[in-house]
Q: 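Please read through the structure below; I'll follow up with questions.
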There are 2 protein chains.
Amino acid sequence: MPDRRSRLPADTLADRTSDDGAADALDTRSRLVETARVLFLQQGYGATGVKQILAAAGANSGSLYHYFPTKEDLLLAVLDRYRDLLRPLVIDPVFSRIADPVERIFGVLDGYRRMLEITGCRQGCPIGNLALELSDDHPAVRSLIAANFTGWRTAILECLDAAADRLPDDVDRSALASFVLSVMEGGVMQARAYASPAPFEEAVSMLRDHFDRLLAAAAAWPAAPPRPEPPARLGNESPCPFPGNSR
Amino acid sequence: MPDRRSRLPADTLADRTSDDGAADALDTRSRLVETARVLFLQQGYGATGVKQILAAAGANSGSLYHYFPTKEDLLLAVLDRYRDLLRPLVIDPVFSRIADPVERIFGVLDGYRRMLEITGCRQGCPIGNLALELSDDHPAVRSLIAANFTGWRTAILECLDAAADRLPDDVDRSALASFVLSVMEGGVMQARAYASPAPFEEAVSMLRDHFDRLLAAAAAWPAAPPRPEPPARLGNESPCPFPGNSR
DNA sequence: GGCCAAGTTGATCGTTCAATCAAGATGTGT
DNA sequence: ACACATCTTGATTGAACGATCAACTTGGCC
């Protein structure tokens, strides 16, 4: 079992010639992974047939089974790709636009709000979907899903640590990161169920209220640390992460 | 007493001789709904075949299609049943054990924590699972999923309204209910991904902190309303809702 | 006792699924 | 120019799927 996946002749995005959409003009393996990623996102893992992936990727079944022993290995490659894409596609654009660590968190959340807006609440968090669909199936899958969540947690925790001096001393920042992630995932879930972004926005608004109280408590209490004026809430809007065809 | 179903060439599952299972000795329709409910919960809707439902329920395919025109109508019946079960099975036991409205909310959350504990984090919120699996498929399904969430929201909102005088005046209680539900669903999702209840417990702990701050703010501010001493956090533990076979 | 509607049965339809295979195309090193 | 490993092709496999149907059994009512 050779550990392929060291391929990648050119960088993954901004391809040359860019003749059409995006996922063409890649080597077959990348095309399969990218196509499977989008289809898994839109329809789920179980509901997506290998046949459909092959048709959409313009490949044949033998090619798929040349690169991946089984459909599940293709899923593992997709999850690898999500982990690789998190920073450059989701986190970095927000961080480069917003400097304040707390606002960075809400900038990321706003990215998900925009995704709900754009997709009409028909597309959720790719990791969350897969987590609920197959987190208790095979261990390798569950482990990679957890690794993806850890990527999110780490990014949020970075912000919290950077804002540590503006937060109460006794706040558990790691637990707070779990909290933020829970609100995000639970909000997206409700938005999809109601086909409306309102529940997500309400949940994020309550999270904002919580952070306001945390910051105020830290500022009001013992020796008030230097409290910079809170910057403008959101300079402009966040990009939509994980596009995957507007359907 | 004709021993109907005297057939049984090979046993499909532990059979009558002990009708303890509670899902036996029901009319066929109820047995089908209950069996489908459990299987959908354990495996998801798409991954559960009609054949498997029939085998587990001890029914035949014709019976199913006598009661339900299609598999999706069976799902609708399952969702109806979840809505009917929410109060008597999940809410009422907590409410009868806990009087304080805020503690009632955390009592319900503790019920989900216990479910994670008992199932080894292998079983999530049934509504949440279905929401992410098929909220953008057929409208009738999505609508019933939303109705189920509304049942949860309403129960939580009742508690918040009952505690309205202990909360800040300007708090949006409806949004706060969405917030609580988001934390619950997102926490369960992470717990399943990590195969550990820790993320759920962390998120709930942060939610508790938020409520502490809300209550303190209301108590400290203008004309302090009578603030009863907060009762003991949890008298005893909440039951596990939606059991569905410990697997 | 006789009747009919309600309920149940199991065989079977056409389709789709993941996976396999032998054989052909491609390209790289020498 | 040659050889050989890598990669791609598309038909094919057997099993499982959702769904349908006509035939059969049961129970309540006159």
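Proteins get letters first, then strands, A, B, ... in listed order; numbering begins at 1 in each. Source: prediction; values computed, not measured.
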Q: Between P on D/dG18 and CG on B/Leu74, what's the gap in Å once rounded to a whole number?
A: 11 Å
Q: Can you tell me if A/Asn60 touches the phosphate of D/dT8, counting only side-chain N or O atoms and a distance under 4.0 Å to OP1 or OP2?
A: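 No, outside the criterion.
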Q: Please report, rounded to the nearest Å, how far the C1' atom of C/dC17 is from the CD atom of A/Gln52.
A: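 My rounded result for the distance is 12 Å.
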Q: Do the side-chain N or O atoms of B/Tyr67 get closer than 4.0 angstrom to the phosphate oxygens (OP1, OP2) of C/dT8?
A: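 Answer yes for this pair, as a side-chain N or O of B/Tyr67 is under 4.0 Å from OP1 or OP2.
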Q: Are the aromatic rings of A/Phe149 and A/Tyr82 close, with centres under 6.0 Å apart?
A: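 Between A/Phe149 and A/Tyr82, the centre distance exceeds or equals 6.0 Å.
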Q: Between B/Leu64 and A/Ala47, which residue's closest nucleotide on DNA chain C lies nearer the 5′ terminus?
A: B/Leu64
Q: Rounded to the nearest Å, what distance is computed from the CZ atom of residue B/Arg29 to the P atom of nucleotide C/dA6?
A: 16 Å
Q: With a 4.0 Å cut-off on heavy atoms, is A/Gly49 in touch with a base, just the backbone sugar-phosphate, or nothing at all?
A: sugar-phosphate
Q: Expressed as a whole number of angstroms, how long is the span from B/Lys71:NZ to D/dT20:P?
A: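 After rounding, the reported distance stands at 14 Å.
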Q: Please state how far atom CZ in A/Phe68 lies from atom C1' in C/dT20, giving the value in whole angstrom units.
A: 18 Å
Q: Given C/dA19, is OP1 or OP2 found less than 4.0 Å from the side-chain N or O atoms of A/Tyr65?
A: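 The answer is yes; a side-chain N or O of A/Tyr65 sits under 4.0 Å from OP1 or OP2.
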Q: Taking it one step at a time, do A/Arg113 and A/Asp110 satisfy salt bridge (charged side-chain N to carboxylate O under 4.0 Å, His left out)?
A: CA-CA 5 Å; A/Arg113 187 195 58 77; A/Asp110 196 59; 2.7 Å; yes
Q: Could you tell me how far apart A/Lys51 (NZ) and D/dC17 (P) are, to the nearest whole angstrom?
A: 18 Å
Q: Whether B/Ser61 contacts C/dT9 is assessed here as follows: a side-chain N or O lying under 4.0 Å from the phosphate OP1 or OP2. Is that the case?
A: no
Q: Taking the six-membered ring of B/Tyr45 (Phe, Tyr or Trp), confirm whether the NZ or CZ of B/Lys71 is under 6.0 Å from its centre and within 45° of its axis.
A: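 Yes, B/Lys71 and B/Tyr45 form such a contact.
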Q: May I ask you to verify if any side-chain N or O of B/Thr28 is less than 4.0 angstrom from the OP1 or OP2 atom of C/dG7?
A: no
Q: Any salt bridge linking B/Asp84 with B/Arg81? Criterion: basic side-chain nitrogen under 4.0 Å from a carboxylate oxygen.
A: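 Looking at B/Arg81 together with B/Asp84, the answer is no, because their closest N to O distance does not fall below 4.0 Å.
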Q: Report yes if at least one side-chain N or O of B/His66 is closer than 4.0 Å to OP1 or OP2 of C/dG7; otherwise report no.
A: yes
Q: I'd like to check B/Leu54 versus B/Asn60 (side-chain heavy atoms, cut-off strictly below 4.5 Å). Are they in contact?
A: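 They are not in side-chain contact.
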Q: Quick one: is A/Thr70 getting a side-chain N or O under 4.0 Å of the C/dA18 phosphate, OP1 or OP2?
A: no
